[in-house]
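Some notes on the structure that comes next.
Just so it is clear: chains get the letters A, B, ... in the order the sequence lines come, proteins before strands, and each one is counted from 1. Just so we're clear, the structure is a prediction, and the values are computed from it rather than from any experiment.
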Amino acid sequence: MSQFQAPKGTVDLLGDTSRAWEHMLRVATELFARYGYSPIYTPIFEHTEVFARGIGEATDIVGKEMYTFLDKGGRSITLRPEGTASVVRAALEHNLTANGQGAKLYYAGPMFRYERPQKGRQRQFWQIGAEALNMAEPSADAELIVLLWRFFEAVGIPADNMRLLVNSMGDEACRPAYREKVAEFIRAHAADLCAECDRRADTNPLRAFDCKNPGCVAVMADAPLLRDELCDECASHYAAVKEALVVLDVPFTEEPKLVRGLDYYTRTVFEVQADAGLGSQNAIGGGGRYDRLMEQYGGSPTPGLGFALGFERTLLAMQAAKARVPSPALADVYVAAVDESVRAQAFSLASQLRDAGVAAECDHQARSLKSQFKQADRIGARFVVVVGPDELAEGQLTLRDMGTKVETRVSRDGVTTEVRRALGID
RNA sequence: GUGGGUGUAGCUCAGUUGGUUAGAGCGUCGGACUGUGGCUCCGAAGGUCGCGGGUUCGAGUCCCGUUACCCACCCCA
């Protein structure tokens with residue numbers, strides 16, 4: 001047991017897990033580029049105000065989950081708890097949406113929230129996210145949702161193992177009136193609701209839909225739904241998004257009670273849940289539209305939308321689906337030294353092969369020849385070059401095909417060419 | 001932040017009502033094959049039993065604290 005361990009809620013990513021991480025990044029990089037998204041790297045910390053104003057002072061994230069500290073200059077700094085706020089801040093700072101320009105951006109990296117860790121929930125966790133700015137058309141909503149869905153399919157989670165939930169949260173024209181309507185409904189049924197939900201009538205009536213209390217669930221089942229109260233513009237936008245999803249053949253379920261916990265969402269919201277491997281933290285990705293966010297940061301009114309997906313939870317869903325993560329051979333060629341006298345020459349040959357573009361490995365632990373072959377087998381080397389005194393005396397080496405077990409003599413001078421040909425590189 | 005459960009070799013786990021030198025499988029290393037892998041056989045290394053107190057003649061086993069993980073609440077990716 002070492003003296004130190006990783007801080008609570010953080011993990012070291014090793015072996016198959018770190019390989020899976022890189023796989024998810026590769027899949028995302030390739031797929032997102034095909035949808036026209038460009039990479040953006042924002043700082044891992046921001047002025048606290050960026051998150052407080054964007055995500056909402058009253059949310060749990062801002063209220064109790066942020067890693068906030070004063071730096072040596074007395075500035076209040078916060079480790080990013082999510083990615084959208086930073087991207088929007090950067091887009092405004094660099095005028096990416098000036099003169100009606102659109103911007104499609106994606107990011108990947110760790111986020112930080114001070115929460116009680118459990119399965120699928122760490123204090124440092126990884127997300128990939130995509131944001132589409134200045135795109136008001138419902139087709140943009142559909143495109144983003146398809147992208148999220150296709151990503152999960154691409155990493156090996158079958159559609160049958162996932163659920164796509166969509167909803168519309170309305171906008172400033174219709175949500176306030178609806179909110180009041182729900183508040184009235186709650187007050188009218190106060191006797192049948194828990195104390196917590198009674199309070200929600202004044203603070204955040206929509207959250208009563210999330211209450212797990214059976215009595216509350218029964219009462220709220222009859223509560224008015226925002227779907228039925230949307231203004232004309234929100235209703236037609238929502239209808240167009242759903243229609244596009246049908247055309248694109250992305251299966252979805254309308255979930256009128258889907259309410260996201262970040263204040264900036266308007267109109268379309270969505271979430272992908274995995275039904276195996278996740279426990280109660282089953283949302284592997286989610287997002288929505290935030291048409292008022294740019295204004296809150298002092299920009300001109302600019303629509304936007306985005307999603308984020310979690311690496312940890314995606315991997316759990318992949319494992320439950322027995323998704324295959326490609327694990328390339330660690331080396332194509334292993335250069336084995338027969339004895340101590342030729343060790344240096346084996347190393348220089350390995351180096352020469354690497355310079356020639358071949359993934360080559362050799363021993364640095366003074367292992368026996370037999371053990372070097374075991375290593376070669378373990379790392380998946382297709383060929384072993386045996387460097388021995390007998391061959392070298394004649395200016396030659398032995399090239400063994402590990403699959404067929406056929407050995408051939410090759411000249412020391414021509415070995416790089418021979419190996420490249422054997423590997424099919426030339 | 002609240003409640004419940006768990007913590008023994010690198011990994012997955014045994015460990016009897018507290019009783020002498022804490023075990024297995026897998027993995028690792030070595031040998032059988034003195035210049036050659038995947039199978040088989042043999043052998044070896046590897047553990048302050050999460051950490052700290054307490055009870056006891058004696059604690060991996062009981063009690064308390066603490067820490068980490070797991071589950072639920074909560075929240076969200």
- Message: Strictly below 4.0 Å: does A/Gln118 bring a side-chain N or O up to OP1 or OP2 of B/rA72?
- Response: yes
- Charged tip of A/Lys181 within 45° of A/Phe185 ring normal and under 6.0 Å: no
- Between B/rG27 and B/rC42, how far is it from one P atom to the other, in whole Å? 14 Å
- Watson-Crick or G-U wobble mate for B/rU12, both contacts under 3.5 Å: B/rA24
- NZ/NE/NH1/NH2 to OD/OE distance under 4.0 Å, A/Glu418 and A/Arg421: yes
- Sugar-phosphate only, base, or nothing, as touched by A/Gly120 at under 4.0 Å among non-hydrogen atoms: base
- Indicate, with a heavy-atom threshold strictly under 4.0 Å, whether A/Glu391 touches base, sugar-phosphate, or nothing. base
- Message: I want to verify a distance call: between B/rC74, B/rA77, B/rG35, whose nearest atom is closest to the A/Arg113 side chain?
- Response: B/rA77
- Task: Would you kindly give the CZ-to-P distance between A/Phe373 and B/rG30, to the nearest whole Å?
- Result: 15 Å
- Contact class for A/Ser371 (heavy atom, under 4.0 Å): base, sugar-phosphate, or nothing? sugar-phosphate
- Looking for any heavy atom pair under 4.0 Å, which part of the strands does A/Arg367 touch: base, sugar-phosphate only, or nothing? sugar-phosphate
- Message: Under 3.5 Å, is there any donor-acceptor pair linking the side chain of A/Arg116 to the base of B/rC69?
- Response: no
- For A/Thr398 and B/rU36, is the shortest distance between a side-chain N/O and OP1 or OP2 below 4.0 Å? no
- When both distances are under 3.5 Å in a Watson-Crick or G-U wobble arrangement, the nucleotide paired with B/rG60 is none
- Item | Candidate nucleotides B/rC74, B/rG37, B/rG35, ranked by approach to the side chain of A/Asp60 - the nearest | B/rC74
- Message: Within the 4.0 Å heavy-atom criterion, would you say A/Ala376 contacts the bases, only the backbone, or no part of the nucleic acid?
- Response: nothing
- Of the nucleotides B/rC29, B/rG35, B/rA77, which one has an atom closest to the side chain of A/Gln375? B/rC29
- B/rG4 versus B/rC26 - spacing of their C1' atoms, nearest Å: 32 Å
- Item | Rounded interatomic separation in angstrom, taking NZ from A/Lys8 and P from B/rC70 | 10 Å
- Any side-chain N or O of A/Gln281 under 4.0 Å from OP1/OP2 of B/rC73? no
- Complementary nucleotide of B/rG7, counting Watson-Crick and G-U pairs under 3.5 Å: B/rU67
- Salt bridge A/Arg26-A/Glu30, side-chain N to carboxylate O under 4.0 Å: no
- Message: Between A/Arg80 and A/Glu46, does any NZ, NE, NH1 or NH2 come within less than 4.0 Å of an OD or OE carboxylate oxygen?
- Response: no
- Query: Should B/rC73 form a Watson-Crick or G-U wobble pair with both distances under 3.5 Å, which nucleotide is its partner?
  - Reply: B/rG1
- Query: Whole-Å distance between B/rC75 P and A/Lys119 NZ?
  - Reply: 22 Å
- Rounded distance in Å between the P positions of B/rC69 and B/rG58: 35 Å
- Task: Determine, for A/Lys104 against A/Glu131, whether the closest basic-nitrogen to carboxylate-oxygen distance falls under 4.0 angstrom.
- Result: no
- Length of the CD-C1' vector between A/Glu65 and B/rA77, whole Å: 12 Å
- Message: Give me the distance, rounded to whole Å, that separates B/rG7 from B/rU16 when you measure between the P atoms they each carry.
- Response: 12 Å
- Distance in angstrom units between A/Arg400 CZ and B/rG35 P, rounded: 16 Å
- Query: Can a side chain N or O of A/Arg378 be found less than 4.0 Å away from OP1 or OP2 on B/rU28?
  - Reply: yes
- Item | Atom-pair distance (CZ on A/Arg123; P on B/rC76), nearest Å | 17 Å
- Is the closest basic N to carboxylate O distance between A/Glu361 and A/Arg354 below 4.0 Å? yes
- Query: Which nucleotide, B/rC69, B/rG35, B/rG30, lies nearest any side-chain atom of A/Val386?
  - Reply: B/rG35
- Item | Span that lies between the P atom of B/rA24 and that of B/rA32, in whole angstrom | 25 Å
- Message: Without decimals, in angstroms, what is the distance between A/Arg121 CZ and B/rC74 C1'?
- Response: 7 Å
- Message: Tell me whether the ring of A/Phe311 lies stacked over the B/rA77 base, given a 5.5 Å limit on centroids and a 30° limit on the plane angle.
- Response: no
- Message: Any base atoms under 4.0 Å from A/Gly9, or only sugar-phosphate, or nothing? Heavy atoms, all strands.
- Response: sugar-phosphate
- Query: Could you state the CG-P distance from A/Asp16 to B/rC11, rounded to the nearest angstrom?
  - Reply: 14 Å
- Scan A/Gln372 against the nucleic acid and name what it touches under 4.0 Å (heavy atoms): base, sugar-phosphate only, or nothing. nothing
- Give a yes/no on whether any side-chain N or O of A/Lys370 is located under 4.0 angstrom from OP1 or OP2 of B/rG37. yes
- Note on the structure: Result for 5'-nearest mapping on RNA chain B, choosing between A/Tyr114 and A/Leu309, is A/Tyr114
- Message: Quick test of your reading of the model: are A/Glu22 and A/Arg19 salt-bridged, counting only N-O distances below 4.0 Å?
- Response: no
- Note on the structure: Among the nucleotides B/rG35, B/rC75, B/rG4, whichever has the atom closest to the side chain of A/Leu369 is B/rG35
- Task: Kindly confirm or rule out a cation-pi arrangement of A/Arg123 over A/Tyr114, judged by NZ or CZ under 6.0 Å from the six-membered ring centre and within 45° of its axis?
- Result: yes
